[in-house]
Amino acid sequence: RAFSSRLASMTRSRHRSTTSEIFRLLLAAAGLTFASQLEIPFEPVPVTLQSLAVVLIGFWLGPVRSFAAIVLWLAAGALGLPLFAGGEGGVDHLTGPTAGYLFAFPLAAALAGHFGAARNRRRVLPLLLAAIAAHVLILGLGGAWLATRIGPSDALEKGVLPFILGAVIKSAVAAALAYAMGRRRI
């Protein structure tokens, strides 16, 4: 009787845990979608809050779950859901000029999640460095892909340099938010 009670309790707990995990992944994808809609049109790459959301998702969910959440978001957007910048979707975004940035998102979230792990949330410098590294990865892969479309110098001029100051500011914001939440269980 005690065994069956414990087994039933474990099953309920595992179900709650799975439901909670799915909810967290969907909430992360929703947050990234919201950040994608806050757009300043800029060619060939719009200015959004996507990279801030990517870093925060990494800090919140850790490397594996943040990677999964953003891959889920990319897949849903590729299927045509209006999740990407400007409320757009479709597979053409994963082959267009901004594809490098999009494909960098799950990698950057995993990087931020790894180096911004819970044990580092009590110190702001590791969080800031993790956020900057994630932004460097996004800009690097995004710029490299863009260079195949418009050439290296134009990619640097239009797809990397204009975003450096914003990346630094977003890194500082992400680090400050994660640091503030470091003593709380999120």
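The shown structure was predicted, so the numbers you read here are calculated from the model rather than taken from an experiment.
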Should Val64 and Ile22 be regarded as members of a common hydrophobic cluster, given that ILVMFWY residues are connected when their side-chain heavy atoms come within less than 4.5 Å of each other, either directly or indirectly?
no

Validation row: Pro97, Ile150 side chains within 4.5 angstrom (heavy atoms):
no

Does Gln37 reach the main-chain N or O of Leu32 with its side chain, forming a donor-acceptor pair under 3.5 Å?
no

State the CD1-CD1 distance between Ile57 and Ile70, to the nearest 0.5 angstrom.
4.5 Å

Linked, directly or transitively: Val91 and Leu81 (ILVMFWY side chains, under 4.5 Å)
no

Is Thr98 close to Pro46 at the side-chain level, that is, under 4.5 Å between some pair of heavy atoms?
yes

Tell me the closest heavy-atom pair linking Ala155 and Gly143, and the distance in Å.
CB-O, 3.6 Å

Return each pair, listed once, that meets ring pair (Phe, Tyr, Trp, His ring centres under 6.0 Å) where at least one residue sits in residues 122-142; pairs must be two or more places apart or across chains.
none

Which atom of Ala130 lies closest to which atom of Gly116, heavy atoms considered
CB-N, 4.1 Å

Measuring from atom CG of Leu83 to atom OG1 of Thr33, what distance do you get when rounded to the nearest 0.5 angstrom?
4.0 Å

Would you say Val136 ends up clustered with Leu111 if hydrophobic residues are merged whenever their side chains have heavy atoms under 4.5 Å apart, either directly or through other cluster members?
no

Those residues at least two apart in sequence (or on a different chain) that pass ring-ring contact (aromatic ring centres under 6.0 Å, His included) with Tyr101 are none

Spacing of OG1 belonging to Thr19 relative to CZ belonging to Arg24, to within rounding of 0.5 Å:
13.0 Å

Residue pair Leu127 / Phe59, side-chain heavy-atom distance below 4.5 Å:
yes

If hydrophobic clusters are built from ILVMFWY residues whose side chains come within less than 4.5 Å, do Ile40 and Val54 share one?
yes

CG (Leu139) and CD1 (Ile132) are apart, to the nearest 0.5 Å, by 11.5 Å

Please collect all side-chain hydrogen bond (donor to acceptor under 3.5 Å, both in side chains) contacts where either partner lies in residues 82-92, sequence neighbours excluded, each pair once.
Glu88-His93

Check Ala69 against Leu25 and note the closest heavy-atom contact, atom names and distance.
CB-CD2, 3.7 Å

Do Phe23 and Trp60 belong together in a cluster built from hydrophobic side chains that touch within less than 4.5 Å?
yes

Contact summary for Leu61 and Ala28, nearest pair of heavy atoms:
CD1-CB, 3.7 Å

Tell me whether Glu39 contacts the main-chain N or O of Gly86 through its side chain, where contact means a donor paired with an acceptor under 3.5 Å.
yes

Which residues pass the ring-ring contact (aromatic ring centres under 6.0 Å, His included) test with Phe163, sequence neighbours left out?
Phe42

Closest contact, heavy atoms only, Ser36 versus Thr48
O-CG2, 4.0 Å

Distance-minimising heavy-atom pair for Ala110 and Ser66:
N-OG, 3.7 Å

Can you classify the ring geometry of Trp73 versus Phe105 as parallel (below 30°), tilted (30 to 60°) or perpendicular (above 60°)?
tilted

Does Leu79 sit in a hydrophobic cluster with other residues, and if so which ones, taking ILVMFWY side chains as linked at heavy-atom separations under 4.5 Å, directly or through other members?
none

Show your working on side chain to side chain contact (heavy atoms under 4.5 Å, CB included) between Ser171 and Val55 and close with a plain yes or no.
CA-CA 8 Å; Ser171 294; Val55 172; 5.9 Å; no

Give me each pair satisfying side-chain hydrogen bond (donor to acceptor under 3.5 Å, both in side chains) with a member in residues 138-164, each pair once, sequence neighbours excluded.
none

